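Have a look at the structure below, then the notes.
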Amino acid sequence: MKLIIRVVMALVLTVAVLAGLVLLLPGEKVARLAADQLEAQTGRQLGLGGKVSFTFWPVLGVKADAVTLSNADWAGPEPMLRAERVTIGVAAADLLQGNVRVTEISAILPHLNLATNADGIGNWVFGSGAAAGSTGSGEGSGTPLRIEAVELTGASLRYTAHGERPVEMKNADLSLLWPEPDGTVNARVTLRPAGEPVEIDAEIGTFAAFLAGEVSSVGATVTAPGGKGRFDGHADINGEASGRLTFGAEDAVQTGAALGLVLPDALAQKAVFGADVTYTADGRLSMRDLAVELGRNKLSGAADVEFAKRPQITARLQGGALDFAAVTGAEKPDSRSVAAEGWSRQEIDASALGLADATVDLSFDSLDTGSVKLGPSQVNVTVKRKRAVVKLLPASMFGGQVKGRLVANNRDGFSVGGKLSFSGVRLERALGETAGYRRLNGTALGELEFLGSGGSVDAIMRSLSGEGRLEAGKGFFTGFDLEQLMRSGGNGGSTVFDQLTASYMIEGGNLRNQDLLVLLKGFRAGGKGRIGLGARDLDYLFTPQLVRAGGDQVLTIPVRIRGSWEDPDIRPDFSQALQPKLDGIEQEAKDRVRQKLSEELDTEVAPEQDLNDLLKQRIEQEARDQLLKLLGGD
């Protein structure tokens with residue numbers, strides 16, 4: 001027992017003596033030695049502008065106020081690091097031998113000023129003296145730079161990529177552990193881009209080689225409110241990386257908000273992302289084996305992004321049953337609500353067309369945009385300098401096939417246009433889903449070309465111009481029965497037809513047609529008039545003809561349709577019905593007169609001859625004949 005007590009007392013006395021010797025060392029001298037070592041190994045000056053004192057606990061080393069670390073020569077005069085207080089830990093064994101080896105640095109309220117040059121090299125990459133294993137050029141630099149632990153609390157960050165606007169971040173924390181010279185670094189970073197903490201836990205293998213510019217294995221987990229991401233692969237200190245990137249969030253809006261992203265409320269649903277990614281120092285990102293899920297929507301394929309002043313995106317994607325009605329915020333037009341309010345006058349925000357240039361090939365089994373539903377389709381989307389072109393190759397729409405292209409242009413005011421051909425389209429779906437008009441039913445084919453401009457749907461509809469044609473097979477109109485109208489003048493019911501054809505012109509938001517032909521059972525009807533696409537009204541005249549089996553015309557009673565699309569006034573136009581009869585009576589009288597004159601004058605009177613001129617000529621001729629007889633001539 002006495003031996004044990006003596007050994008313990010000897011150890012205590014030895015530690016006390018060593019501690020006393022350490023405490024007697026001047027802090028300014030130790031700090032200056034540490035600063036000289038850092039400068040020799042990094043080429044950067046460590047400035048100590050405040051009070052410096054020696055510390056024994058919790059870190060053996062020095063504590064200094066108003067500390068700065070100089071920047072790279074090309075990065076400007078502002079220091080790369082500025083901190084209110086820095087604690088520099090040193091190795092006790094080396095210190096007792098007269099050497100200073102920095103093992104730990106912790107800083108309170110530091111400010112990091114990071115930047116990259118034209119070659120993509122960051123100012124945090126030190127010169128040759130900073131490479132792990134390098135001896136540097138200065139005296140006493142034989143010990144490689146290796147700090148076993150770094151702790152930053154309440155840090156602020158300013159990052160300026162070459163040629164780009166700076167990005168700033170505040171209230172960040174960093175903890176870095178590098179226990180073995182040739183081993184792995186474990187780092188934990190806490191960022192608060194929007195107030196909520198975002199945790200990053202990373203591992204970098206062979207960290208010394210990584211600092212020397214070599215490619216090293218990297219793994220990182222990002223945890224944000226509502227979501228978590230993971231990267232496993234390889235990277236170098238210049239930012240080039242390749243590996244597998246995955247991400248999942250139960251609420252994409254919540255996670256996006258924590259990352260400083262403003263997302264539509266419609267994205268408040270489960271989101272999953274996965275891809276094999278490769279990022280190069282010149283700002284190119286490729287994604288292969290790409291899989292994206294948003295709610296029940298799933299997309300797969302590949303994509304490439306070139307980060308420039310205006311990002312360039314190229315992608316080829318495939319999807320199943322896609323439903324983006326909630327994302328687009330579009331609602332199916334309702335004839336009653338639109339009738340009361342008209343087309344929307346809300347300003348259209350087309351600024352998204354200027355965010356990036358893109359070429360995307362998309363195929364899917366079905367797509368619900370909220371206003372229009374598509375079946376199995378192939379679509380190519382091209383966006384270039386605020387102008388988007390959607391090519392339908394073809395698209396299954398309204399129960400049929402639609403080919404052609406649609407254009408949205410926001411270069412000098414907003415405009416939309418298109419040139420489409422279609423076949424097998426159900427009219428009640430096409431007109432109902434796009435305009436809320438459901439009175440015309442049937443299967444149609446045809447062509448449509450249009451152009452409109454304005455800051456709202458109402459302005460666009462009132463500015464429309466274009467042309468087109470339409471052919472439909474069997475179908476029906478709702479709201480009136482032509483046969484009932486012709487017989488009794490009643491309203492309501494439906495008119496069933498066997499065939500419908502028409503061509504039209506569009507100008508100033510009005511569609512005008514002069515050659516409508518509708519074939520019905522026992523009827524044929526022509527039509528002409530105006531349909532107000534902007535004002536949602538119409539003034540149209542149907543001219544049905546009731547025919548017998550032999551083809552003789554029996555009765556014609558035109559039908560005038562006037563008023564709004566939703567509640568038009570439909571009634572026979574008897575003035576138009578009587579006019580042909582009056583014209584016929586007048587013509588019959590003229591024919592009888594001609595016949596009588598032909599008999600009296602003993603000459604053929606042609607229908608095109610004017611009766612007054614004919615009588616005048618006959619009278620003049622008779623007068624000449626009588627005058628010749630009187631004079632004794634032949």
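If you read the sequence from its start, that first residue is 1, and numbering goes on from there. Computed from a predicted model, the values in this text were never measured in an experiment.
Between K51 and E84 there is no salt bridge, since no side-chain N of the basic residue sits under 4.0 Å from a carboxylate O of the acidic one. Electrostatic pairing of R188 and D201 counts as a salt bridge here, judged by a charged N lying under 4.0 Å from a carboxylate O. Using a 4.0 Å cut-off between a side-chain N of Lys or Arg and a carboxylate O of Asp or Glu, K384 and D357 do not qualify as a salt bridge.
Here CD of E168 is found 9.5 Å from CG of N113. Values are rounded to the nearest 0.5 Å. Here the CG atom belonging to D236 is positioned 8.5 Å from the OG atom belonging to S216, to the nearest 0.5 angstrom. Note: L114 CG to L157 CG = 5.0 Å, rounded to the nearest 0.5 Å. Separation of atoms CZ (R82) and CG (L69) is listed at 11.5 Å; rounding is to 0.5 Å. In this structure, CG in L294 is found 6.5 Å from CZ in F324, a value given to the nearest 0.5 Å. Residue E78 holds its CD atom at 7.5 Å from CG of N71, rounded to the nearest 0.5 Å.
Checking T382 against N380 by side-chain atom types alone, a donor-acceptor pair falls below 3.5 Å. Between the side chains of T190 and E199, at least one donor-acceptor pair of N or O atoms lies under 3.5 Å.
Using a 4.5 Å heavy-atom cutoff, the side chains of I200 and T221 are not in contact. Between E151 and L174 the shortest side-chain heavy-atom distance does not fall below 4.5 Å. Taking 4.5 Å as the limit, every side-chain heavy atom of V379 sits out of range of all side-chain heavy atoms of L393. Side-chain atoms of M169 and L191, non-hydrogen and from C-beta on, do get closer than 4.5 Å to each other. Using a 4.5 Å cut-off on side-chain heavy atoms (C-beta onward), V198 and V222 make contact. The closest side-chain heavy-atom distance from H234 to E240 is not below 4.5 Å. The side-chain heavy atoms of F364 and S377, taken from C-beta on, include a pair separated by under 4.5 Å. E306 places none of its side-chain heavy atoms less than 4.5 Å from the side chain of T314.
Side-chain atoms of S456 come within 3.5 Å of backbone atoms of A459 as a donor-acceptor pair (strictly under, hydrogens ignored). Between the side chain of W178 and the backbone N or O of E180 there is at least one donor-acceptor pair closer than 3.5 Å. Of the possible donor and acceptor atoms, none in the side chain of S344 sits under 3.5 Å from a partner among the backbone N and O of V457. Of the possible donor and acceptor atoms, none in the side chain of D365 sits under 3.5 Å from a partner among the backbone N and O of A321. Distance alone, capped at 3.5 Å, is enough to place a donor-acceptor pair between the R288 side chain and the A303 backbone. Under the 3.5 Å distance criterion, the side-chain polar atoms of N410 are left unmatched by any main-chain donor or acceptor of L353. Between the side chain of Q45 and the main chain of S70, no donor-acceptor pair closer than 3.5 Å is present. The backbone N or O of D323 sits less than 3.5 Å from a side-chain atom of N297, completing a donor-acceptor pair.
The two atoms that bring A275 and F273 nearest to each other are CB-CZ, 3.8 Å, heavy atoms only. Scanning all heavy atoms of the two residues, the minimum distance from R192 to N171 falls at NH1-O, 2.7 Å. Closest of all the heavy-atom pairs between L177 and A149 is CD2-CB, 4.0 Å. For the residue pair A258 and P193, the shortest heavy atom distance occurs at O-CG, 3.1 Å. Closest of all the heavy-atom pairs between T255 and A224 is CG2-CB, 4.1 Å. In this structure, S242 and T278 approach most closely via the heavy-atom pair CB-OG1, 3.8 Å.
Checking each of D232, V277, D276 against L245 for a side chain to side chain contact (heavy atoms under 4.5 Å, CB included) leaves exactly one that passes, namely V277.
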* Asked: Could you go step by step and tell me if D289 and R244 meet the side-chain contact (heavy atoms from CB on, under 4.5 Å) rule?
  -> CA-CA 10 Å; D289 193 20; R244 184 68 181 176; 3.6 Å; yes
* To do: Dump the intermediate steps for side-chain contact (heavy atoms from CB on, under 4.5 Å) on V86 and I105, then the final yes or no.
  => CA-CA 7 Å; V86 173; I105 292 179; 4.0 Å; yes
* Working for side-chain contact (heavy atoms from CB on, under 4.5 Å), residues I348 and I460 -> CA-CA 10 Å; I348 297 174; I460 291 173; 3.9 Å; yes
* How far apart are the C-alpha atoms of R85 and D65, what are their side-chain angles, what is the distance that settles it, and do they pass the salt bridge (Lys or Arg N to Asp or Glu O under 4.0 Å) test? -> CA-CA 4 Å; R85 174 169 294 178; D65 294 338; 2.8 Å; yes
* Asked: Between L152 and L112, is a side-chain contact (heavy atoms from CB on, under 4.5 Å) present by the stated rule, with each step listed?
  -> CA-CA 10 Å; L152 304 180; L112 294 169; 4.1 Å; yes
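Within 6.0 Å of CZ on R316 lie no more than 12 heavy atoms contributed by other residues, nucleotides or ligands. Residue R296 places its CZ atom among 12 or fewer non-hydrogen atoms of other residues, nucleotides or ligands, all under 6.0 Å distant. In this structure, D73 places its CG atom where only 12 or fewer heavy-atom neighbours from other residues, nucleotides or ligands lie under 6.0 Å away.
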